[in-house]
Amino acid sequence: MHPELRRAYDTEMTAAAKLYDTNQLQLAFSHLERAHILGQSFSIAHARTHWWMLRVGLRNRDIVEILGQIPRILGALLFSRIWVPIGNTGGARVPPFKTMPIPHELQVLLDKYGYNTMK
């Protein structure tokens, strides 16, 4: 992962963890969704984001999120380098193969520092 993309991803993950620690789970999840968009082409970052989404689901006792995140963690580890649905926010209430629009500020980062720039 390009260092600039890593920094943006880490910023979103750090914000999510801080919000999780203060039980602001909805806000934490929104940062996880942004981190998911940034990191979904990189297996470990992708799986880490789903792991944290699972943690939010467990804390919320949200069975849909819990059951949805388990296969997504495995899929992230196995398929991230092959294909990902661009812009997908990663939550269990979003179809796992659905391509979604990317927020402009994240698109700018991905265009400049995304996976295609690593080749």
Side-chain angles (χ1 to χ4, degrees):
M1 185 182 289
H2 188 282
E4 290 297 322
L5 189 59
R6 166 64 67 186
R7 188 177 53 131
Y9 170 83
D10 287 344
T11 297
E12 295 295 341
M13 291 300 294
T14 299
K18 287 179 182 178
L19 290 161
Y20 178 88
D21 288 343
T22 60
N23 214 37
Q24 296 178 67
L25 301 179
Q26 187 174 359
L27 285 173
F29 202 86
S30 68
H31 284 281
L32 292 172
E33 290 175 320
R34 291 171 60 82
H36 183 270
I37 292 167
L38 294 171
Q40 69 180 349
S41 292
F42 305 92
S43 300
I44 300 302
H46 192 180
R48 180 177 173 223
T49 306
H50 283 296
W51 168 250
W52 273 89
M53 288 179 170
L54 173 62
R55 291 183 67 186
V56 170
L58 289 166
R59 185 167 284 179
N60 277 331
R61 292 180 167 80
D62 181 342
I63 194 71
V64 171
E65 203 63 49
I66 294 166
L67 294 176
Q69 289 306 326
I70 294 168
R72 283 171 171 81
I73 292 168
L74 296 172
L77 290 170
L78 296 172
F79 301 112
S80 293
R81 295 295 219 155
I82 299 168
W83 180 82
V84 294
I86 302 302
N88 188 290
T89 54
R93 287 176 172 78
V94 173
F97 302 112
K98 181 179 182 177
T99 299
M100 301 171 73
I102 299 173
H104 176 73
E105 68 280 6
L106 300 184
Q107 185 67 63
V108 169
L109 286 169
L110 290 169
D111 287 346
K112 193 167 183 181
Y113 305 113
Y115 180 69
N116 290 332
T117 64
M118 300 301 287
K119 293 180 179 179

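Heads up: numbering here begins at 1 and tracks the sequence. Because only heavy atoms are used, hydrogens play no part in the values below, and waters and symmetry mates are left out as well, while side chains stay in.
Residues Asp10 and Arg48 come closest through the heavy atom pair OD1-NH1, 3.9 Å. Counting all heavy atoms, side chain and backbone alike, Ala92 lies closest to Val64 at CB-O, 3.4 Å. Counting all heavy atoms, side chain and backbone alike, Ala35 lies closest to Met13 at CB-SD, 3.5 Å. Closest heavy-atom contact between Asn88 and His36: O-ND1, 2.6 Å. Closest heavy-atom contact between Ile86 and Thr99: O-CG2, 3.1 Å.
Around atom CD of Gln26, no more than 12 heavy atoms belonging to other residues, nucleotides or ligands sit under 6.0 Å away.
At a threshold of 4.5 Å between side-chain heavy atoms, the hydrophobic network of Ile, Leu, Val, Met, Phe, Trp and Tyr places Leu106 and Met53 in one connected group. Leu32 and Ile73 fall within the same hydrophobic cluster, where Ile, Leu, Val, Met, Phe, Trp and Tyr residues are linked whenever their side-chain heavy atoms come under 4.5 Å apart, directly or through other members. When the side chains of ILVMFWY residues are joined at heavy-atom separations under 4.5 Å, either directly or via intervening members, Leu78 and Ile70 end up in two distinct hydrophobic clusters. Under a hydrophobic clustering in which Ile, Leu, Val, Met, Phe, Trp and Tyr are joined whenever their side-chain heavy atoms come within less than 4.5 Å, directly or via other members, Leu74 and Ile44 fall into different clusters.
A distance of 11.0 Å separates CD in Glu65 from CD1 in Ile63, rounded to the nearest 0.5 Å. Taken to the nearest 0.5 Å, the CZ atom of Phe79 stands 15.0 Å off from the OG atom of Ser41. A distance of 12.5 Å separates CD1 in Ile37 from OH in Tyr9, rounded to the nearest 0.5 Å. From Leu27, atom CG reaches atom OH of Tyr20 across 15.0 Å, with rounding to the nearest 0.5 Å. Remark: Thr89 OG1 to Glu33 CD distance equals 4.5 Å, nearest 0.5 Å. Leu38 contributes atom CG, which lies 10.5 Å from atom CD of Gln107 (distance to the nearest 0.5 angstrom).
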Show, in sequence, the C-alpha distance, side-chain angles and deciding distance for Leu19 and Leu25, and conclude whether the side-chain contact (heavy atoms from CB on, under 4.5 Å) test is met. CA-CA 7 Å; Leu19 290 161; Leu25 301 179; over 6 Å; no

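Side-chain polar atoms of His31 and Glu12 form a donor-acceptor pair below 3.5 angstrom.
Although no hydrogens or angles enter the test, the distance criterion places no donor-acceptor pair under 3.5 Å between the side chain of Ser80 and the main chain of Leu77.
Contact annotation: the side chain of Pro85 never approaches that of Met100 to less than 4.5 Å [non-hydrogen atoms, C-beta and beyond]. Contact of the Asn60 side chain with the Phe29 side chain is not registered, since no non-hydrogen atoms from C-beta on lie closer than 4.5 Å.
Each of Arg72, Gln40, Gln69 was evaluated against His50; a single residue qualifies, Gln69, per the side-chain hydrogen bond (donor to acceptor under 3.5 Å, both in side chains) test.
Among residues two or more places apart in sequence or in another chain, the salt bridge (charged side-chain N to carboxylate O under 4.0 Å, His left out) test is passed with Arg61 by none.
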